[in-house]
Amino acid sequence: MPIIVQKYGGSSVADAEKIRRVAQKVADRRAEGNDLVVVVSAMGDTTDELLGLARSITDNPARRELDMLLTAGERISMALLSMALNALGVPAISFTGSQSGIITTDDHANARILEVRPIRIHEELDHGRVVIVAGYQGVSRSKEVTTLGRGGSDTTAVALAAALGAAACEIYSDVDGVFSADPRVVPQAQRLREISYEEMQTLAESGARVLNAQAVEFARLAEIAIHARATAGGEGTHVVGGASEARVSGVTGRDDLILLRVTRPERLSEVLQCLDERGACAWEMTCYPEAGFAGLLLSLENVHNWEAVRAELERQFNGEVCCCEQMGAVSVVGIGLGADGTAARRSLETLAGMGLTPHGMHLGSLRLLLLLPADRVKEAVRRLHEEFLGG
Ligand code: ASP
Ligand code: MG
């Protein structure tokens, strides 16, 4: 029987009623003659709540212990969904990431999957069971429990789809696929019927939360087609190979950035080491030593002890690294953007209309990135979406 991997996001399993509804969807898909492996996220805002709980204990939690804590969120939903399926008369069993054979690096809070050995999943599918897998987690070679970075349940699903040779990888959430901007910020945003891996990965890296960037990267390498859609129904978006024609596919933003200016670029590698040891890796980096400039952008998405990291930077580099907090970035993403200066010029003019000059700008083949104060990001996303995609 063909194997289908499905993943349900936190909002789709937010309460008991929703979990029962997901169980029914899974049962129906199985009744069509498929083997089902179902990856779940933590219920609703559980991950944020657990992070809040940790921060109420200390602002410098050990990353190992945070992973022990955060992985509990997905364990709750996996067990409840398995119970719901069994209650419908569908045999099911739940597994943690470790039991599913998801082997990762030991970078707590932001681990990468190294390999997947789904031995127990195969055994249970052979016994006719639906297998429920806790997303967002794995185990390192030294047997430590790890998490895959925020939104990492998508990565679990894609990695399992690849390892199991699945016929499909379906990612369910509360939005019907990928839009040209976050529809909560830009109501005129359009659903994209199809998007290339490259564009999707760039959108995800630039802050679009609909799919996880590492998951898309995995899908691209393993040539797994992703179908992102709403749990409630709808046609969704297919993420597939093959380049589309030149176009702007979306505008997205993020407001969780820190800009580090390194005034002595010769110390850059020491700064990187200091960050690395604390699990804070650069999201973007620019260095022109001749001009005496090195700039690093950090995303706080998977850094849960920023105050401690900042204090350490101040101690070690004493005035040679300066931290500008509350930064954000807006990205215009699409094919052929880097071909000429048009997109950059239009963006600068649009921002000037808002009385804004970006703190930084970077043009690549698929993305124009503009660095802005965090509190202007949403408005800039709306204006740039209007400029490039109408509405
Ligand atoms: N529960 C985790 C998060 O909120 C992982 C996920 O949802 O994919 O980031
Ligand atoms: Mg979540």
Side-chain angles (χ1 to χ4, degrees), residues 5-15 18-19 22 37-55 61 63 65-81 94-98 100 102 104 107-113 116 132-139 145-161 169-175 177-178 182 184 200-201 203-205 207-219 226-231 239 254-256 279 283 299-304:
V5 174
Q6 296 189 328
K7 177 254 166 173
Y8 291 92
S11 56
S12 303
V13 292
D15 57 41
K18 288 184 172 160
I19 290 176
V22 165
V37 174
V38 182
V39 176
V40 283
S41 289
M43 294 170 74
D45 296 326
T46 301
T47 306
D48 288 323
E49 287 159 14
L50 292 173
L51 274 168
L53 200 52
R55 291 191 63 94
R63 285 186 287 140
E65 302 309 330
L66 260 185
D67 277 355
M68 295 303 270
L69 179 70
L70 296 184
T71 48
E74 272 69 11
R75 286 184 72 144
I76 295 172
S77 17
M78 77 177 194
L80 293 174
L81 181 57
S94 66
F95 284 145
T96 63
S98 157
S100 307
I102 295 176
T104 73
D107 304 305
H108 287 292
N110 204 10
R112 279 184 74 86
I113 296 180
V116 181
I132 315 295
V133 176
Y136 174 55
Q137 55 182 272
V139 65
V145 171
T146 54
T147 59
L148 306 176
R150 296 305 304 269
S153 300
D154 292 347
T155 316
T156 306
V158 174
L160 282 175
C169 181
E170 303 168 348
I171 308 269
Y172 291 96
S173 70
D174 56 350
V175 284
V178 182
D182 182 341
R184 282 161 295 199
M200 188 62 238
Q201 189 179 336
L203 275 173
E205 283 165 359
R209 286 175 191 276
V210 52
L211 284 173
N212 174 289
Q214 202 193 129
V216 182
E217 183 187 355
F218 255 91
I226 299 179
H227 190 183
R229 54 209 296 210
T231 307
V239 186
R254 61 189 310 159
D255 58 7
D256 60 351
W283 179 69
S299 155
L300 293 189
E301 187 171 40
N302 295 310
V303 178
H304 307 302

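Any value given below was found using the heavy atoms of this structure, including those in side chains, with hydrogens, waters and symmetry copies removed. Just so you know, ligand 1 is whichever comes first in the structure, and atom 1 is the first atom listed for that ligand. Heads up: numbering here begins at 1 and tracks the sequence.
Donor-acceptor pairing under 3.5 Å is recorded for the side chains of Asp67 and Thr147.
Gly10 does not count as a contact of ligand 1, since none of its heavy atoms falls under 4.0 Å from the ligand. The closest approach between Gly151 and ligand 1 falls below 4.0 Å for a heavy atom of the residue.
Residues forming a ring pair (Phe, Tyr, Trp, His ring centres under 6.0 Å) with Tyr8 (at least two apart in sequence, or on another chain): Tyr172. Under the salt bridge (charged side-chain N to carboxylate O under 4.0 Å, His left out) criterion, Glu301 pairs with Arg209, Arg254, not counting sequence neighbours.
A salt bridge links Asp154 with Lys7: at least one charged nitrogen is closer than 4.0 Å to a carboxylate oxygen. One finds no salt bridge joining Arg55 and Asp48 here, because no Lys/Arg side-chain nitrogen approaches an Asp/Glu carboxylate oxygen to under 4.0 Å.
Close N/O approach between Lys7 and ligand 1 is not found [any backbone or side-chain N/O within under 3.5 Å].
Of all atoms in ligand 1, numbered sequentially from 1 with element shown, those under 4.0 Å from a heavy atom of Arg150 are 3 (C), 4 (O), 9 (O). Proximity to Ser41 (heavy-atom distance under 4.0 Å) selects the following atoms of ligand 1: 6 (C), 7 (O), 8 (O). Short contacts between ligand 1 and Tyr136, defined as distances under 4.0 Å to a heavy atom of the residue, involve ligand atoms 2 (C), 5 (C).
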